[in-house]
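This report refers to the structure that appears directly beneath it.
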Amino acid sequence: MNQLIPRFSYMRFLRQAFVSAALLASIAVTGCQSIHGSRNACDQAPFCQSACDSMAVGCDASCDLGSGTSGNVQLVRGRKVALLDGLGSVLGSVNKLALWDRRADNHNISPQTEEAVVQYLRENGLGSTLVRSNQYDPIGEWHRLASNKRMAAPLRYTFGTYDWLKYTVLPGRLTGGDWYNPYSDTVHLYSDIPTIGLAKAAYAKDVYSRSGPASYAALQDLPLIGLYHETIANREVLQFTRSHGGSAAVTEAERILYPDLAGSIGAQTLGIFPYGSVVGRGAGALVGHTALAVKDRVVR
């Protein structure tokens, strides 16, 4: 009987624990963790200074784009690490294929994409919303979660803590997946696609337009129900794009939003099955691309 029970190996456990800890530590030091609420925080974070020199928004007092309406830094950028970012880009291959865009989850976000998201937040009075551009900072996220008094504490410390744990254990700095965390009021960017970033910022606007933002955000975490806010956000992004860009910009936004929403529908529908999210994401995105092609042909 004892031979049927796998023997516990302390050395193997310690080795695996060490590797996991080393991986999280290597990701943790890639972000400007000290940049929270201070425009001159880079003075105390030397590893961020090179990023400041290359127009890393939020790292330098001369980067006016980095200040929100409350005077706090509104965008921070993680320090580039070629090996880590390259691995993350490979792990984002599913999303690249789904959107048919190599910029998806590429962990190399341009200032133009960052500026588009911050501009949208400012124009909509969301000066307290922070944008983390390819950055991992669980300590900073916990501080933002705890201080976000606009969200009811019972939901903030239950649903919000769950989201924080996912962010900490499965860091988007490696796994990708652009998203907005309403409990910490933070937009996380890992793709160099302005439309995706705007959609996440639009969700922030949607949440804080509600009389009960915490209850609304909690409902949106449920399977399929969350598609409601994605639909609203996509419509908002198209309206914003029409008012700020030409027909080419609208066409580009539709090229991303159609397969992205359809992919989300597929992923959430098949998510209960093994590998269902991945298969559903791909199948749904294909339907979205097809629907967009049919729409364009009908319009012509």
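What's counted below: heavy atoms across the whole structure, side chains too, no hydrogens, waters or symmetry copies.
Ser209 meets the side-chain hydrogen bond (donor to acceptor under 3.5 Å, both in side chains) test with no other residue; sequence neighbours excluded. Residues passing the side-chain contact (heavy atoms from CB on, under 4.5 Å) test with Leu224, sequence neighbours excluded: Leu227, Gln268, Thr269. Not counting sequence neighbours, the partners of Lys205 by the side-chain hydrogen bond (donor to acceptor under 3.5 Å, both in side chains) test are Asn124, Glu236. Qualifying side-chain hydrogen bond (donor to acceptor under 3.5 Å, both in side chains) partners for Asn106, counting only residues two or more places apart in sequence or in other chains: none. For Ser89, the side-chain hydrogen bond (donor to acceptor under 3.5 Å, both in side chains) test picks out Lys96, with sequence neighbours left out. For His244, the side-chain contact (heavy atoms from CB on, under 4.5 Å) criterion is met by Gln119, Glu123, Phe240, not counting sequence neighbours. Legend: residues meeting side-chain contact (heavy atoms from CB on, under 4.5 Å) with Arg235, ordered by chain and number and at least two apart, are Thr231, Ile232, Gln239. For Ile225, the side-chain contact (heavy atoms from CB on, under 4.5 Å) test picks out Gln220, Leu222, with sequence neighbours left out.
Residue pairs meeting the ring pair (Phe, Tyr, Trp, His ring centres under 6.0 Å) criterion with at least one member in residues 88-118, sequence neighbours excluded: His107-Tyr190. Sorted by first then second residue, the side-chain hydrogen bond (donor to acceptor under 3.5 Å, both in side chains) pairs that include residues 145-158, not counting sequence neighbours, are Ser128-Arg150, Asn148-Tyr208, Arg150-Asp185. Judged as a salt bridge (charged side-chain N to carboxylate O under 4.0 Å, His left out), the pairs with a partner in residues 207-223 (not counting sequence neighbours) are, in order, Asp206-Arg210.
Under a hydrophobic clustering in which Ile, Leu, Val, Met, Phe, Trp and Tyr are joined whenever their side-chain heavy atoms come within less than 4.5 Å, directly or via other members, Ile265 and Leu238 fall into different clusters. In the hydrophobic cluster analysis, where Ile, Leu, Val, Met, Phe, Trp and Tyr join through side-chain heavy atoms closer than 4.5 angstrom, Val250 is grouped apart from Val237. Leu170 and Val278 fall into different hydrophobic clusters, defined by Ile, Leu, Val, Met, Phe, Trp and Tyr side-chain heavy atoms under 4.5 Å apart, directly or through other members. When hydrophobic clusters are built by joining Ile, Leu, Val, Met, Phe, Trp and Tyr residues whose side-chain heavy atoms come closer than 4.5 Å, directly or via intermediates, Val207 is grouped together with Leu126. The hydrophobic cluster containing Val94 does not contain Leu174, counting ILVMFWY residues as joined when their side-chain heavy atoms lie under 4.5 angstrom apart, directly or transitively.
Considering CD1 of Ile256 and CG of Leu261, their distance stands at 13.0 Å, rounded to 0.5 Å. Put simply, CG on Leu257 and CG on Asn234 are 4.5 Å apart, with the number rounded to the nearest 0.5 Å. Atom CD of residue Glu230 and atom OG of residue Ser264 lie 3.5 Å apart, to the nearest 0.5 angstrom. The CG atom of Asp137 sits 12.0 Å away from atom CZ of Arg173, with the distance rounded to the nearest 0.5 Å. Distance check: Leu286 CG to Thr290 OG1 gives 4.5 Å after rounding to the nearest 0.5 Å. A distance of 5.0 Å separates CH2 of Trp142 from CG of Leu145, quoted to the nearest 0.5 Å.
Scanning all heavy atoms of the two residues, the minimum distance from Glu254 to Pro259 falls at O-CD, 4.0 Å. Listed here is the closest heavy atom pair of Tyr180 and Val187: CD1-CG2, 3.6 Å. Here the closest heavy-atom approach between residue Leu121 and residue Gln74 is recorded as CB-NE2, 3.5 Å. Scanning both residues, Met151 and Ala217, for their nearest heavy atoms gives CE-CB, 4.0 Å. Across every non-hydrogen atom of Gly271 and Ser277, the tightest pair is CA-OG, 3.6 Å. Residues Leu270 and Gly280 come closest through the heavy atom pair CD1-CA, 3.7 Å.
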### Message
Quick one, Lys80 with Asn108, criterion side chain to side chain donor-acceptor pair (under 3.5 Å). Give me CA distance, side-chain angles, the key distance, then yes/no.
### Response
CA-CA 8 Å; Lys80 292 184 178 180; Asn108 185 24; 3.3 Å; yes
### Task
Dump the intermediate steps for side-chain contact (heavy atoms from CB on, under 4.5 Å) on Asp192 and Gln112, then the final yes or no.
CA-CA 9 Å; Asp192 190 22; Gln112 290 75 21; over 6 Å; no
### Task
Run the numbers on Trp164 and Phe159 for side-chain contact (heavy atoms from CB on, under 4.5 Å), then give the verdict.
CA-CA 9 Å; Trp164 176 80; Phe159 284 82; over 6 Å; no
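Between Arg281 and Asp260, at least one side-chain nitrogen of the basic residue sits less than 4.0 Å from a carboxylate oxygen of the acidic one, meeting the salt-bridge criterion.
For the pair Asp178 (side chain) and Ser191 (backbone), a donor-acceptor distance under 3.5 Å is present.
When each of Arg144, His143, Glu141 is tested with Ser184 by the rule side chain to side chain donor-acceptor pair (under 3.5 Å), just one qualifies, namely Glu141.
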If you look only at distance, which donor and acceptor atoms sit under 3.5 Å apart when one is on a side chain in residues 193-203 and the other is two or more places apart or in another chain?
none

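In summary, the side chains of Asn181 and Thr186 do not present any donor paired with an acceptor at a separation below 3.5 Å, with no hydrogens or angles considered.
Between Tyr167 and His188, the gap from one ring centroid to the other is short of 6.0 Å.
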